[in-house]
Amino acid sequence: EVSFDGSALCQTPCTLTGIAPGPHSVSATKTGFSTANRALSLASGANTSVSLELSQMTAMISVTSNPAGAAIVLDGKDTGKLTPSRILLDRPGKHSITIRRYGYLDSTNSVNVELGQTSTLNLDLTKLGSTDEIKAAGGKFKKVFGHGGDGFGMGIVSVKTQPKGAQI
């Protein structure tokens, strides 16, 4: 929709006639797009052509993390970006953001974004725990490796993981 000097007049493409010389303002609006404005000065008896380009409104998420440098996964797909980053979305609505960094637990949150707005998400990462010694709980290993008794002839299994602290 085209507005001329503040009055809505027509839908594009359109031609306006009988315009007085002097300064004027032209604007164009369309749902889902940003408004485009132009100031022009029309000379007496002159013809002027105005081309306005409307930008499609987008939704954006600004993702930061503590510590920075985490991979950003949007709706289950790796974006290829690391925090801090801004991500342009192809559709508004609810989105799931997961951030991953080596040595830290994944952090996930959802955010609802709207066209023409930037949503901000700041996630804290929790460092993975570390332990030098893991002890078995209960008697589960006897069922797997032996039949009980005095342990004669039984072997020892030592499990190490990188990073430390994995559940066995």
Side-chain angles (χ1 to χ4, degrees), residues 1-14 24-40 48-138 140-141 143-145 156-168:
E1 184 174 290
V2 174
S3 293
F4 194 82
D5 291 336
S7 298
L9 296 180
C10 58
Q11 288 190 345
T12 59
C14 64
H24 298 280
S25 65
V26 179
S27 66
T29 59
K30 184 174 181 173
T31 303
F33 291 82
S34 61
T35 300
N37 298 298
R38 172 87 38 91
L40 61 101
T48 300
S49 178
V50 177
S51 178
L52 298 172
E53 186 171 331
L54 284 71
S55 300
Q56 187 166 11
M57 289 180 146
T58 57
M60 188 176 298
I61 299 176
S62 175
V63 183
T64 57
S65 67
N66 183 25
I72 302 170
V73 178
L74 173 67
D75 297 329
K77 295 181 182 176
D78 190 346
T79 63
K81 295 185 177 198
L82 301 177
T83 59
S85 285
R86 292 179 140 213
I87 300 170
L88 207 57
L89 301 173
D90 56 358
R91 63 179 172 80
K94 192 171 185 178
H95 294 274
S96 173
I97 302 286
T98 299
I99 56 171
R100 294 186 172 131
R101 182 169 172 172
Y102 180 77
Y104 294 84
L105 294 172
D106 288 1
S107 184
T108 301
N109 205 334
S110 61
V111 63
N112 194 26
V113 292
E114 297 179 21
L115 285 177
Q117 294 185 358
T118 299
S119 297
T120 302
L121 187 60
N122 184 20
L123 298 170
D124 289 325
L125 291 167
T126 303
K127 193 161 181 61
L128 286 173
S130 64
T131 182
D132 291 327
E133 187 176 331
I134 300 173
K135 296 182 180 177
K140 293 180 183 176
F141 284 121
K143 292 177 184 174
V144 176
F145 296 112
I156 296 174
V157 175
S158 176
V159 179
K160 294 181 180 180
T161 64
Q162 184 61 34
K164 295 177 183 179
Q167 182 177 3
I168 307 292

Nearest-0.5 Å distance that lies between atom [atom1] in [X] and atom [atom2] in [Y]:
| X | Y | atom1 | atom2 | result |
| --- | --- | --- | --- | --- |
| Asp124 | Ser65 | CG | OG | 8.5 Å |
| Ser27 | Leu54 | OG | CG | 9.5 Å |
| Ile72 | Thr79 | CD1 | OG1 | 5.0 Å |
| Ile99 | Leu121 | CD1 | CG | 7.5 Å |
| Ile87 | Ile97 | CD1 | CD1 | 5.0 Å |
| Thr31 | Leu115 | OG1 | CG | 10.5 Å |

Can you list the residues that meet the side chain to side chain contact (heavy atoms under 4.5 Å, CB included) rule with [X], with sequence neighbours excluded?
| X | value |
| --- | --- |
| Met60 | Arg86, Leu88, Thr118 |
| Thr48 | Leu42, Val50 |
| Ser25 | Asp5 |

TODO: Output all residues satisfying ring-ring contact (aromatic ring centres under 6.0 Å, His included) with His95, sequence neighbours left out; order by chain, then residue number.
DONE: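 Testing His95 for ring-ring contact (aromatic ring centres under 6.0 Å, His included), a comparison that skips the adjacent residues, returns none.
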
Task: Pairs satisfying side chain to side chain donor-acceptor pair (under 3.5 Å), at least one member in residues 51-64, at least two apart - done: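 Pairs touching residues 51-64 that pass the test: Thr64-Asn122.
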
- [ ] Scan for side chain to side chain donor-acceptor pair (under 3.5 Å) pairs involving residues 102-115, sequence neighbours excluded, and state none if there are none.
- [x]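 Residue pairs with at least one partner in residues 102-115: Thr98-Thr108, Arg100-Asp106.
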
- [ ] Could you tell me whether the side chain of Leu89 reaches within less than 4.5 Å of the side chain of Leu74, counting heavy atoms only?
- [x]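 SC-SC contact between Leu74 and Leu89 confirmed.
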
Task: Heavy-atom closest contact (Ala28 atom, Leu52 atom, distance) - done: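 That would be CB-CD1, 3.8 Å.
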
Task: Nearest heavy-atom neighbours spanning Ala59 and Pro92 - done: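 Smallest interatomic distance, heavy atoms only, reads CB-CA, 4.3 Å.
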
Task: Contact list for residues 58-79, test salt bridge (charged side-chain N to carboxylate O under 4.0 Å, His left out), sequence neighbours left out - done: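 Every salt bridge (charged side-chain N to carboxylate O under 4.0 Å, His left out) pair that includes a residue of residues 58-79, provided the two are not neighbours, is Asp75-Arg91.
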
Task: Results of side-chain hydrogen bond (donor to acceptor under 3.5 Å, both in side chains) for Ser119 - residues two or more places apart only - done: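 Applying side-chain hydrogen bond (donor to acceptor under 3.5 Å, both in side chains) to Ser119 gives none.
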
Task: Donor-acceptor under 3.5 Å (Thr12 side chain, Cys14 main chain) - done: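 No, Thr12 side chain to Cys14 backbone: no donor-acceptor pair under 3.5 Å.
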
Open item on the list: Tell me whether Thr29 contacts the main-chain N or O of Thr35 through its side chain, where contact means a donor paired with an acceptor under 3.5 Å.
Closed with: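 Pair absent, no side-chain N/O of Thr29 close to backbone of Thr35.
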
